[in-house]
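The structure appears right after this line, and notes come after that.
Keep in mind that what you see is a predicted model, and the values were worked out from it rather than measured. We count residues from 1, following the sequence as given.
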Amino acid sequence: MGNIRLLSEATINKIAAGEIIERPASVVKELLENSLDAGATRIEVEIRAGGRQLIRVTDNGAGMDRDDAVMALERHSTSKIRESEDLESLKTLGFRGEALASIAAVSIFKLVTVPKSGSIGTALEAKAGVIKSVQEAGAAVGTTITIRDLFFNVPARLKYMKSIPTEASYIADLIGRLAMSRPDVSFRLLHGDFEVLFTHGTGNMAEVLSAVLGKDIAKDLLEIGYEAENLRIGGFIGKPEHARSNRHSQHFFVSGRTVRSPLIGAALEKAYKTLLPIARFPLAVIFIELPGTEVDVNVHPTKAEVKFSREDAIFSAVYRAVSNALRLNELIPSWKMKDD
Ligand SMILES: Nc1ncnc2c1ncn2[C@@H]1O[C@H](COP(=O)(O)OP(=O)(O)O)[C@@H](O)[C@H]1O
Ligand SMILES: [Mg+2]
């Protein structure tokens, strides 16, 4: 009798962190999505030891006042939705209000934020989710969040970390994807003193593709485009000779969100079917835009997966977009031959 108790807030946050914060790259994803939601146009990420020792994200976004900065660390606190109906018309990447609480629960956390020029900033420090200090601070408008010693209080998770280069490569991949989804935003990734990635944020997609995928591949990509009722597809695909032995070079975005999607992958690969040998996978960057009522982004705590309401329509649109571009490309050499 009387054995059941409510867990403490700190314990609840630590448990939730297990779902959302799997590794350093998960922290970077959540922090960068927050920076983008805050309207940042310049975001710098600094990591040490593959993010295990330190992750620092600095943005020039809207910042927070003191009350919001304290509130932001509470679980289920968000400025982005007010009620569940808002989920159908999301304009932001975040909405669950649990990332900062989760990250802070498993790290040594510092936040410095300034809401608008001339106003006083706030510096907040927390350890294992417990706020240690809140002070006034001066800084440029925007927000800097520093995470040290991720998982210092979750030894089981620490053991599961991969090598420094591997964790760093997950972070670089992720920032590359975000950069492709937002060519209008400048991203910089520094690993120690080494600049791993930089985009200018001028909106020039060719420049971003070149920075993320490499110059040689970027100049050889084929553009795809397709429109159907309530659905728009755009992006770039690699020629068959640029196919890979794994699917790491397949990047899918749904309404601006980077997602994993076996459905999009299957449609893509079906279009390449006769062009590639077994176990070779096409390179692709595919953007799908559709109304919020046609896609559920709230199926996974990390929002890495989405549920489409019309899967068949998505599949055939992706298939057509890709196969049209491939067909068009095959026409080019035959026309050339005629002219010669
Ligand atoms: N970089 C940032 N700039 C401005 N506000 C931020 C930033 N990061 C977080 N916030 C604020 O803190 C809140 C909580 O963030 P988070 O826990 O990630 O939840 P969510 O993004 O789902 O709202 C956000 O809703 C936002 O108001
Ligand atoms: Mg968030």
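No more than 12 heavy-atom neighbours from other residues, nucleotides or ligands sit within 6.0 angstrom of CD on Glu136. Residue Arg75 qualifies as enclosed at atom CZ: its count of foreign heavy atoms under 6.0 Å is above 12. Within a 6.0 Å radius of NZ in Lys307, no more than 12 heavy atoms belonging to other residues, nucleotides or ligands are found. Around the NZ atom of Lys127, the shell of radius 6.0 Å holds no more than 12 heavy atoms that belong to other residues, nucleotides or ligands. Counting heavy atoms of neighbouring residues, nucleotides and ligands inside a 6.0 Å radius, atom NE2 of His248 does not exceed 12 of them. Shown here is Glu229, whose CD atom has no more than 12 heavy atoms of other residues, nucleotides or ligands within 6.0 Å. Within 6.0 Å of CZ in Arg257 there are more than 12 heavy atoms belonging to other residues, nucleotides or ligands. More than 12 heavy-atom neighbours from other residues, nucleotides or ligands sit within 6.0 angstrom of CG on Leu158.
Inter-residue side-chain proximity for Arg280 and Pro240 is flagged as unmet; no heavy-atom pair is nearer than 4.5 Å. Using a 4.5 Å heavy-atom cutoff, the side chains of Val154 and Tyr160 are not in contact. Within the 4.5 Å cutoff, the side chain of Met205 has no heavy atoms near those of the Glu223 side chain. Contact check for Arg96 versus Thr78: no side-chain heavy atoms found under the 4.5 Å cut-off. Between Leu124 and Phe109, the closest side-chain pair of non-hydrogen atoms falls below 4.5 Å. The side-chain heavy atoms of Pro24 and Ile55, taken from C-beta on, include a pair separated by under 4.5 Å. Looking at Leu276 and Lys273, their side chains never come closer than 4.5 Å, going by heavy atoms from C-beta outward. Counting heavy atoms from C-beta outward, His191 and Ile171 have side chains that stay 4.5 Å or more apart.
Taking the six-membered ring where the residue is Trp, Phe198 and His200 present perpendicular rings, their angle passing 60° and hence far from 30°.
Judged by distance alone, the side chain of Asp86 and the main-chain N or O of Arg82 form a donor-acceptor pair under 3.5 Å. The closest donor-acceptor contact from the side chain of Thr92 to the backbone of Asp37 lies at 3.5 Å or more, if one exists at all. Arg157 places no side-chain N or O within donor-acceptor distance of the main-chain N or O of Phe151, the cut-off being under 3.5 Å. Listed for the Ser186 side chain is a donor-acceptor partner under 3.5 Å among the backbone atoms of Thr199. Between the side chain of Ser309 and the main chain of Glu294, a donor-acceptor pair closer than 3.5 Å is present. Within the 3.5 Å criterion, the main-chain N or O of Ala105 finds a donor-acceptor partner in the side chain of Asn153. Using modelled atom types, one side-chain atom of Ser255 and one backbone atom of Leu290 make a donor-acceptor pair closer than 3.5 Å.
Rounding to the nearest 0.5 angstrom, the gap separating the CD atom in Glu289 from the CD1 atom in Ile233 is 10.5 Å. Asn34 contributes atom CG, which lies 10.5 Å from atom NZ of Lys29 (distance to the nearest 0.5 angstrom). Between Glu125 atom CD and Gln135 atom CD the span is 7.0 Å, to the nearest 0.5 Å. Atoms OG and CG, on Ser26 and Leu31 in that order, are 10.5 Å from each other to the nearest 0.5 Å. Summarising the geometry, atom CD1 belonging to Ile237 is positioned 6.0 Å from atom CD1 belonging to Ile224; distances are rounded to the nearest 0.5 Å. A distance of 8.0 Å separates NZ in Lys80 from CD in Glu33, rounded to the nearest 0.5 Å.
The shortest non-hydrogen separation linking Met64 to Thr113 is N-OG1, 2.8 Å. Minimum heavy-atom separation, Ala126 to Leu73: CB-CD2, 4.0 Å. Taking all atoms of both residues into account, the shortest heavy-atom contact from Ile264 to Val318 is O-CG1, 4.0 Å. Of all heavy-atom pairs between Ser35 and Asp59, the closest is OG-OD2, 2.7 Å. Residues Leu231 and Ile288 share a closest heavy-atom pair of CD1-CG2, 3.8 Å. Nearest approach of Ala17 to Ser102, heavy atoms of both residues: CB-O, 3.4 Å.
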> Passes side chain to side chain donor-acceptor pair (under 3.5 Å), Asp220 versus His242? Steps please.
Replying inline: CA-CA 9 Å; Asp220 243 9; His242 291 309; 3.2 Å; yes

> Would Met180 and Phe236 satisfy side chain to side chain contact (heavy atoms under 4.5 Å, CB included), going step by step from the backbone distance to the final call?
Replying inline: CA-CA 11 Å; Met180 291 190 287; Phe236 303 87; over 6 Å; no

> Taking it one step at a time, do His251 and Leu213 satisfy side chain to side chain contact (heavy atoms under 4.5 Å, CB included)?
Replying inline: CA-CA 11 Å; His251 310 286; Leu213 303 173; 4.2 Å; yes

> Given the rule in the side chain to side chain contact (heavy atoms under 4.5 Å, CB included) test, do Lys303 and Val297 qualify, once you have shown the distances and angles that lead to the verdict?
Replying inline: CA-CA 6 Å; Lys303 299 163 279 173; Val297 297; 5.6 Å; no

> Stepwise, does the side chain to side chain contact (heavy atoms under 4.5 Å, CB included) test hold for Leu100 with Ile145?
Replying inline: CA-CA 10 Å; Leu100 289 188; Ile145 294 181; 4.0 Å; yes

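When hydrophobic clusters are built by joining Ile, Leu, Val, Met, Phe, Trp and Tyr residues whose side-chain heavy atoms come closer than 4.5 Å, directly or via intermediates, Ile131 is grouped together with Ile147. Note on Leu222 and Val285: separate hydrophobic clusters, where clusters join Ile, Leu, Val, Met, Phe, Trp and Tyr whose side-chain heavy atoms are under 4.5 Å apart, directly or indirectly.
Taking a cutoff of 4.0 Å between a charged side-chain nitrogen and a carboxylate oxygen, Arg48 and Glu46 qualify as a salt bridge. Salt bridge annotation for Arg188-Glu44: present, with a cationic side-chain nitrogen under 4.0 angstrom from a carboxylate oxygen.
Tested against Glu167 for a side-chain hydrogen bond (donor to acceptor under 3.5 Å, both in side chains), the candidates Lys162, Arg52, Arg23 yield a single pass: Arg23.
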